[in-house]
Asker: 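Take this structure first; my questions come after.
Side chains are part of it too, since the values below use all heavy atoms of this structure and drop only hydrogens, waters and symmetry mates.
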Amino acid sequence: MKNYETVASYLATRYEEKFGEQIDEMKLQKLMYLVQRESLARTDKPLFETEIQGWRLGPVLPDLRGFYKENALNGFPKVLGSDMGEDQAVVDAVFDEYADRESLSLSRMTHGEISWRKSRRGIHPSESSSNTIPLDDIRLDALRIQGLRMMEDDE
């Protein structure tokens, strides 16, 4: 299992190399959630261990938020694919599919996730929340994705 800083650093490094600019926080937060979901879909194991919460604009890793609040993302060491080992394929698949999308588009997309919706039950859309998104709920989203992929393969 990777620590979340390694995964976030790898995504940020790839983003800067591909697009020539620093990844914004919203996009990195959503990509981190999607990486966790993809790992669960492929291996039934989490890729990293840190809390994900259901914030107003989608899933957020509060620990990662701290790096942006302190403008410390530049302090992350650059992580290359070779540092990711066997987990690189999972992270690369998410990056390749979603990194070029607008941050707000990723936010809206994650609003359709079962796990995020469950974390926001009873909370007005404009209200803040620090409700945790349980790993078992992200597994439900992973199962949904597996089912969609199986249907696509059958077509």
Side-chain angles (χ1 to χ4, degrees), residues 1-18 22-99 101 103 105-123 127-149:
M1 185 178 305
K2 300 279 185 249
N3 64 45
Y4 79 91
E5 294 103 332
T6 299
V7 178
S9 235
Y10 177 64
L11 287 167
T13 299
R14 274 210 65 198
Y15 192 88
E16 191 168 335
E17 287 173 356
K18 181 169 184 175
Q22 183 176 324
I23 191 169
D24 68 77
E25 181 187 4
M26 183 184 292
K27 184 173 287 189
L28 184 56
Q29 292 281 6
K30 302 322 165 236
L31 291 177
M32 289 293 288
Y33 165 80
L34 293 166
V35 163
Q36 188 76 301
R37 183 191 74 186
E38 185 67 20
S39 180
L40 291 168
R42 290 182 181 208
T43 69
D44 196 36
K45 295 178 185 169
L47 186 61
F48 54 84
E49 194 172 320
T50 194
E51 181 180 48
I52 300 177
Q53 295 179 352
W55 286 21
R56 188 172 54 86
L57 293 177
V60 169
L61 286 71
D63 293 337
L64 182 58
R65 174 73 181 122
F67 282 97
Y68 274 91
K69 283 177 78 170
E70 298 166 13
N71 199 23
L73 185 64
N74 290 330
F76 270 12
K78 294 222 181 277
V79 174
L80 307 174
S82 58
D83 299 321
M84 293 301 295
E86 63 187 33
D87 300 317
Q88 182 180 352
V90 169
V91 182
D92 282 348
V94 170
F95 185 89
D96 292 342
E97 184 163 347
Y98 300 108
R101 296 191 186 182
S103 300
S105 171
L106 291 174
S107 175
R108 284 191 293 267
M109 185 185 88
T110 59
H111 285 192
E113 297 286 297
I114 296 164
S115 59
W116 181 82
R117 289 193 328 246
K118 283 179 74 175
S119 76
R120 299 288 300 175
R121 278 192 187 141
I123 300 168
E127 288 182 30
S128 297
S129 169
S130 59
N131 290 348
T132 298
I133 297 177
L135 206 52
D136 284 341
D137 288 349
I138 300 173
R139 273 193 176 88
L140 295 174
D141 290 316
L143 287 171
R144 181 180 54 82
I145 291 300
Q146 287 174 328
L148 290 172
R149 288 179 183 157

Asker: For Trp116 and Trp55, work out which heavy atoms get closest and say how close.
Answerer: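 It is NE1-O, 2.8 Å.
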
Asker: Working to the nearest 0.5 angstrom, can you tell me the gap between His111 NE2 and Leu106 CG?
Answerer: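 Between atom NE2 of His111 and atom CG of Leu106 there are 11.0 Å.
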
Asker: Hey, mind stepping through Val60 and Lys30 against side-chain contact (heavy atoms from CB on, under 4.5 Å) and telling me if it holds?
Answerer: CA-CA 7 Å; Val60 169; Lys30 302 322 165 236; 3.9 Å; yes

Asker: My understanding is that only residues two or more places apart in sequence, or in another chain, count here; which of them pass side chain to side chain contact (heavy atoms under 4.5 Å, CB included) with Arg56?
Answerer: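 Applying side chain to side chain contact (heavy atoms under 4.5 Å, CB included) to Arg56 gives Arg120.
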
Asker: side-chain contact (heavy atoms from CB on, under 4.5 Å), that's the test. Do Ile138 and Tyr33 meet it? Break it down for me.
Answerer: CA-CA 9 Å; Ile138 300 173; Tyr33 165 80; 3.9 Å; yes

Asker: Listed by chain and number, what are the ring pair (Phe, Tyr, Trp, His ring centres under 6.0 Å) partners of Tyr15, not counting sequence neighbours?
Answerer: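 With sequence neighbours excluded, Tyr15 shows a ring pair (Phe, Tyr, Trp, His ring centres under 6.0 Å) to Phe19, given in chain and number order.
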
Asker: Could you measure the distance from the CG atom of Asn131 to the CD1 atom of Ile52? Nearest 0.5 Å is fine.
Answerer: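 If I round to the nearest 0.5 Å, the distance is 14.0 Å.
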
Asker: Nearest 0.5 Å, what's the CD1-CD1 distance between Ile133 and Ile114?
Answerer: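 Between atom CD1 of Ile133 and atom CD1 of Ile114 there are 12.0 Å.
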
Asker: Give the minimum heavy-atom separation between Gln36 and Leu47, together with the two atoms involved.
Answerer: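 So the two residues come closest at OE1-N, 2.7 Å.
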
Asker: Apply the test side-chain contact (heavy atoms from CB on, under 4.5 Å) to residues Ile23 and Glu16: give CA-CA distance (whole Å), side-chain angles for both, the deciding distance (0.1 Å), then the verdict.
Answerer: CA-CA 7 Å; Ile23 191 169; Glu16 191 168 335; over 6 Å; no

Asker: So does Asp96 pair up with Arg14, basic N to acidic O under 4.0 Å?
Answerer: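 Salt bridge present between Asp96 and Arg14.
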
Asker: Looking at Arg37 and Asp141, does any basic side-chain N land under 4.0 Å from a carboxylate oxygen?
Answerer: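 No, this pair does not count.
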
Asker: In this structure, are over 12 heavy atoms from other groups packed under 6.0 Å from Glu51 atom CD?
Answerer: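 Yes.
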
Asker: Please step through side-chain contact (heavy atoms from CB on, under 4.5 Å) for the pair Asp92 and Met84, ending with a clear verdict.
Answerer: CA-CA 10 Å; Asp92 282 348; Met84 293 301 295; over 6 Å; no

Asker: Measuring from Ser103:OG to Tyr98:OH, what's the distance to the nearest 0.5 Å?
Answerer: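 Going from the OG atom of Ser103 to the OH atom of Tyr98 covers 15.0 Å.
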
Asker: Could you report the tightest heavy-atom contact between Val35 and Leu11, atom names first, then the distance?
Answerer: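 Smallest interatomic distance, heavy atoms only, reads CG2-CD1, 4.2 Å.
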
Asker: Quick check: do Lys118 and Leu140 have side-chain heavy atoms less than 4.5 Å from each other?
Answerer: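 Side chain of Lys118 against side chain of Leu140, heavy atoms only: contact under 4.5 Å found.
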
Asker: State, to 0.1 Å, how close Ala8 and Leu28 come at their nearest heavy-atom pair, and which atoms those are.
Answerer: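 That would be O-CD1, 3.9 Å.
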
Asker: Any side-chain heavy atom of Gln29 within less than 4.5 Å of one from Arg65?
Answerer: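 Touching, per the 4.5 Å side-chain cut-off.
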
Asker: Counting distance only, does the side-chain N/O of Arg139 pair as donor-acceptor with the main-chain N or O of Leu40 below 3.5 Å?
Answerer: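 No, because the side chain of Arg139 does not come within donor-acceptor range (under 3.5 Å) of the backbone of Leu40.
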
Asker: Output the distance between atom CZ (Arg42) and atom CG (Asp87), rounded to the nearest 0.5 Å.
Answerer: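 The CZ atom of Arg42 sits 10.5 Å away from the CG atom of Asp87.
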
Asker: If you count the non-hydrogen atoms of other residues, nucleotides and ligands that lie under 6.0 Å from CD in Glu127, is the total more than 12?
Answerer: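 Yes, the 6.0 Å shell around CD holds more than 12 heavy atoms from other groups.
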
Asker: Rounded to the nearest 0.5 Å, what's the gap from CD on Gln53 to OG on Ser119? Could you check?
Answerer: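 It is 9.0 Å, given to the nearest 0.5 Å.
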
Asker: Kindly give the heavy-atom pair with the smallest separation between Pro46 and Ser39, and that separation in Å.
Answerer: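 That would be C-OG, 3.8 Å.
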
Asker: State, to 0.1 Å, how close Leu57 and Met26 come at their nearest heavy-atom pair, and which atoms those are.
Answerer: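 Scanning both residues, the minimum pair turns out to be CD1-CE, 3.4 Å.
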
